[in-house]
Amino acid sequence: MMKLLAALLLAISGGVHADDAPIWSKGWSFDQRDGAAIYAALCAGCHMPDGRGAQGAGSYPALAGNAKLASTAYLLTLVLYGNKAMPALGGQLDDAQVAAVAGYVRGRFGGIPDAAVATDDVKALRH
């Protein structure tokens with residue numbers, strides 16, 4: 001099931017060129033460490049590169065200007081466990097990767113100064 005989800009995420013991330021293709025390790029975990037690279041490969045296909053969200057086959061909420069990004073725990077829980085159409089990425093990303101992409105999203109789209117997220121915050125929310 002997780003392999004299928006990972007393949008679907010890769011397929012729908014749209015606009016990924018060979019040079020920018022996500023790097024998957026054995027077991028379908030994502031090898032990129034940078035929050036911007038993780039966002040571009042795993043999130044931008046639905047939430048759009050500029051974070052404005054999209055409507056179409058599904059409803060993908062805007063991240064840009066989203067007040068909910070002020071809550072680190074809210075964002076981390078969504079990334080780790082998903083919600084509705086948002087897939088759970090906690091099985092593919094380690095704590096540092098989740099922290100990196102969450103910090104990137106909070107800073108770029110939430111306008112939050114000092115948007116960095118600690119790996120300990122991620123670790124505390126993992127079941």
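Below, each value reflects all heavy atoms present in this structure, side chains not excepted, and no hydrogens, waters or symmetry copies.
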When you measure from the side chain of [X] to the backbone N and O of [Y], does any donor-acceptor pair fall under 3.5 Å?
X      : Y      : value
His47  : Pro61  : yes
Asp121 : Val117 : no
Thr77  : Ala73  : yes

Under 4.5 Å between side-chain heavy atoms, counting indirect links through other Ile/Leu/Val/Met/Phe/Trp/Tyr residues: same cluster for Val79 and Met48 or not?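 No, separate clusters.
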Would Leu78 end up clustered with Leu42 when hydrophobic side chains under 4.5 Å apart are linked, directly or stepwise?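 No, Leu78 and Leu42 fall in different hydrophobic clusters.
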Within the 4.5 Å heavy-atom criterion, are [X] and [Y] side-chain neighbours or not?
X      : Y      : result
Cys43  : Val105 : no
Asp94  : Arg33  : yes
Val122 : Gln97  : no

Might you point out which heavy atoms bring Ala64 and Asp50 nearest each other, and give the distance in Å? CB-O, 3.9 Å
Heavy atoms of Ala54 and Cys46 approach each other most closely as CB-O, 3.8 Å
Which of parallel (below 30°), tilted (30 to 60°) and perpendicular (above 60°) describes Tyr104 and Phe109?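 Perpendicular: the ring planes of Tyr104 and Phe109 meet at over 60°.
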Can you measure from [atom1] ([X]) to [atom2] ([Y]) and round to the nearest 0.5 angstrom?
X      : Y      : atom1 : atom2 : result
Asp114 : Arg106 : CG    : CZ    : 8.5 Å
Leu63  : Lys68  : CG    : NZ    : 11.5 Å
Gln32  : Ile38  : CD    : CD1   : 7.5 Å

Yes or no on ring-ring contact (aromatic ring centres under 6.0 Å, His included) for His127 and Tyr81, after CA distance, side-chain angles and deciding distance? CA-CA 10 Å; His127 296 140; Tyr81 304 109; 4.5 Å; yes
